[in-house]
Amino acid sequence: MLELHSLILYNFLQMAKLSHILILHCWSMDSLLHLAQMTQNTNAFIQFEQLNPDFLPTNLLNNQILKLGVFLDLNCNDSEVVLNEASARRLFSHHYHWLVYDRSLNFSRFKKTQLYIDADLTYSTNNLSNGNFILYDLYNKGLQLGGELNVTADREISCNKQECRVERYLSDLYTRSSLQHRKSFTGLTMRATGVINALPLNSSKKDIFAFLESQDQIHLDTYARFGYQSRQPLREMLDCKFKYTIRDRWTDGNVTGGMIGDLINGLADISVAPFIYSLDRGIFLQPLTKFTVFREICIFRNPRSVSAGLSATEFLQPFSGGVWLTFALLLMLAGCLLWITFMVERRQKWKPSLLTSCLLSFGAGCIQGAWLTPRSTGGRMGFFALMVTSFLMYNYYTSIVVSKLLGQPVRSNIRTVQQLADSSLEVGIEPNVYTRVFIETSEEKSVRSLYLKKVAGSKRSPDQIWLSTEVGVQAVRDYVGFVYITGVATGYEFVRKYFLPHQICELNEISLRDATHTQTHTVAVKGSPYAELFKLNDLRMMETGVHIKHERYWMRTKLHCYQHNHTVAVGLEYAAPLFILLLGAMIFCVGVLVLEVIWHRVGKRERGRWSKCCLQGTA
């Protein structure tokens, strides 16, 4: 018994590195006193529980410890009760390190025990030849999968009253982790659940699996087929078979029915189609690794005629108001200086007026030259400075205007789902199950408003709203102001097919869902014994590029915009403000001319009256 006490402390404190231990025993008080004295110089917290017919392992369930060490003496009369209860409550998991001691070598009682692949159970017995302890590792890959009890002799340990030491290793189990030792499921069949919508469920299995294995028409059941094909390397890594249950939906609500319901209800061990991890699902499921991006968008073209309008701001933006005012004052000052120069130079000849001199200055500012220039050296140097200044201003102005007109189109002011719902744009929706259910049942205010205004309150027929992906993307291309709601994995495929590269640059995108809810994960039921094994294998596939290979083929989640791959023609929507300005100037000039003619006629008539009056007075 004293050697057994040493083994208990050696196994829990040194081998398992645990500090919280529960001893299930039927020993005398003297034995317990000796074990308690041995733990005085350690940092271990040990609790003793006497086995009796009324004992239930509630302490194993109510603890908040990351991992608890449990010792069970199988030689006690009531140990079978503990084994059955622990098996029923699935306590043989990675949350507990079990050390069981049996004087007689008898593994038969564990053949029907729910040990699972993540069980941490060490079976110890005595070596009758030398009195040492033999430790065995016990686990089962899953009774529900047809697994059988696996027993591996680990090591032989000799103990005295104070300490223990390893005499010899009986296998190479100590060289690797338990999951590395148990990673093969050879000969077993795991239960997998998947989703298919493109084919009816009453189709033959041959047709369903032929469709899941195909790689054409990737817009059909994209996520389901991507998940199925990316899970085949996992099946090969586990070296087992998959028994599939195919559903026609992910879920009926949020956590019931469909593929998710199979996981939660224990009807499947793994799902082959990814889905979004939510708070409600987090009660039952745990995410393992990131699978892919699940993003749904509202796309519509951004025609220049709609985005630009008839605004003349493009021609005023290169300079601020202060720069325009300064340049105008500079031209007026130059006109005055030219007029003074002409007055000095042309004493006996015709002299241009102040208005004509300012007109010459304005023509130089517009890089139109001048039909009359100063004759003096100083005057010509001043005119040369005016021309250089105007040249620099003109080049800077034209470069900004040209880059603005031929550059990236102005984006639409509609940036949110709520703005889209309040707009007059027509909306079409991809009829995928997950998209339709989200739009019809979402409690988000903006999405609900979109549904009520664009779907439920629309006067269009349902077949004009629920459009296939190909038809919807073509409608976006052909009709100005048409919005199509689709997933990027399916919609982008047809955008590449039907859109010219420069037309892609004119697309506006609005995210339908919150960006924090667009990640899909591989998940497992909380407490699943296979969660850690699935996670390690998924990470391995990511490290080696196997998962990325499938993702790049199925998930076309990025569009490349080639804005300058064609000759850009400045349309009337940008040139119209100039023509309107010219028309306004012509109308203004005609008005001034009419006023000038009237003024001239009135003046001529007044001069005639004055002359007639003078002649009468002389007579």
Side-chain angles (χ1 to χ4, degrees), residues 192-203 207-209 211-212 214 217-231 244-264 267-268 271-278 280-281 285 291-299 417 427-444 447-448 450-451 454-456 462-473 484-494 511-514 517-523 554-557:
T193 178
V195 176
I196 187 171
N197 298 125
L199 296 178
L201 285 182
N202 56 6
S203 302
D207 293 339
I208 290 177
F209 286 103
F211 172 72
L212 291 174
S214 63
Q217 295 182 309
I218 65 174
H219 62 285
L220 299 177
D221 277 337
T222 303
Y223 294 96
R225 295 160 70 192
F226 168 39
Y228 175 84
Q229 296 185 18
S230 65
R231 281 304 189 189
Y244 290 96
T245 300
I246 304 299
R247 303 294 184 182
D248 61 349
R249 65 196 66 189
W250 270 259
T251 176
D252 291 334
N254 202 12
V255 294
T256 58
M259 183 187 68
I260 297 178
D262 288 346
L263 282 178
I264 296 176
L267 301 178
S271 64
V272 295
F275 52 86
I276 295 177
Y277 181 77
S278 63
D280 293 337
R281 295 170 182 172
L285 305 173
F291 195 84
T292 188
V293 175
F294 181 81
R295 190 159 60 92
E296 291 175 301
I297 57 174
C298 312
I299 59 173
V417 176
V427 173
I429 307 173
E430 188 177 31
N432 283 334
V433 175
Y434 39 82
T435 304
R436 185 165 190 157
V437 171
F438 176 75
I439 292 179
E440 292 179 344
T441 63
S442 177
E443 297 180 357
E444 294 184 17
V447 179
R448 190 62 182 168
L450 177 69
Y451 173 74
K454 302 298 184 180
V455 180
D463 59 339
Q464 293 178 322
I465 299 176
W466 303 101
L467 303 175
S468 66
T469 311
E470 186 172 9
V471 174
V473 171
Y484 187 61
I485 301 176
T486 178
V488 295
T490 55
Y492 280 180
E493 179 65 19
F494 291 105
S511 294
L512 182 64
R513 300 180 186 234
D514 188 354
H517 298 156
T518 59
Q519 297 287 350
T520 59
H521 300 80
T522 56
V523 300
W554 288 98
M555 298 288 107
R556 311 293 176 86
T557 57

ask   = Rounded to the nearest 0.5 Å, how far does CD of E296 lie from OG1 of T435?
value = 3.5 Å

query = Is there side-chain contact between F211 and L220, with heavy atoms separated by less than 4.5 Å?
reply = yes

key: Flag side-chain contact, heavy atom, 4.5 Å: T222 against M555   = yes

ask   = Parallel, tilted or perpendicular for Y228 and Y244, by the 30°/60° rule?
value = tilted

request  = Step by step, work out the ring-ring contact (aromatic ring centres under 6.0 Å, His included) result for F226 and F291.
outcome  = CA-CA 10 Å; F226 168 39; F291 195 84; 4.9 Å; yes

ask   = Does Q464 use its side chain to pair, donor to acceptor, with the backbone of G428 at less than 3.5 Å?
value = no

message = To the nearest 0.5 Å, what is the distance between OG1 on T490 and CG on D221?
response = 11.0 Å

request  = Carefully, step by step, assess L450 and I485 under the rule side-chain contact (heavy atoms from CB on, under 4.5 Å).
outcome  = CA-CA 11 Å; L450 177 69; I485 301 176; 3.7 Å; yes

remark   = Here the pair of heavy atoms bringing T292 nearest to T520 is O-OG1, 2.8 Å

key: Closest approach of Y223 to A489 (non-hydrogen atoms, all atoms of both residues)   = OH-CB, 3.7 Å

inquiry  = If only side-chain N and O atoms count, and only distance matters, is there a donor-acceptor pair under 3.5 Å linking R295 with S511?
reply    = no

task = Report the distance from atom CD1 of I218 to atom CH2 of W554, rounding to the nearest 0.5 Å.
result = 6.5 Å

Non-hydrogen side-chain atoms of F275 and V195 separated by less than 4.5 Å = no

query = Can you tell me how far the CG atom of N197 sits from the CH2 atom of W250, to the nearest 0.5 Å?
reply = 5.5 Å

note = Nearest heavy-atom approach of T469 to F494 is CG2-CD1, 3.5 Å

task = Show your working on side-chain contact (heavy atoms from CB on, under 4.5 Å) between V437 and T251 and close with a plain yes or no.
result = CA-CA 10 Å; V437 171; T251 176; over 6 Å; no

ask   = Are the side chain of S442 and the backbone N or O of I439 linked by a donor-acceptor pair below 3.5 Å?
value = no

request  = State the CD1-CZ distance between I276 and R513, to the nearest 0.5 angstrom.
outcome  = 4.5 Å

query = Between I246 and L201, what is the shortest heavy-atom contact and its length?
reply = O-CD2, 3.8 Å

request  = Specify the closest pair of heavy atoms between A192 and V272, including all atoms of both residues, with the distance to one decimal.
outcome  = CB-CG1, 4.1 Å

ask   = Going through the distances and angles, do T522 and R231 end up as a side-chain contact (heavy atoms from CB on, under 4.5 Å)?
value = CA-CA 10 Å; T522 56; R231 281 304 189 189; 3.1 Å; yes

task = From the options V523, L285, D252, select the one residue that forms a side chain to side chain contact (heavy atoms under 4.5 Å, CB included) with I260.
result = L285

remark   = When every non-hydrogen atom of M259 is compared with those of S271, the smallest separation belongs to SD-CB, 3.9 Å

ask   = Out of curiosity, L267 CG to R247 CZ, how far, rounded to the nearest 0.5 Å?
value = 7.0 Å

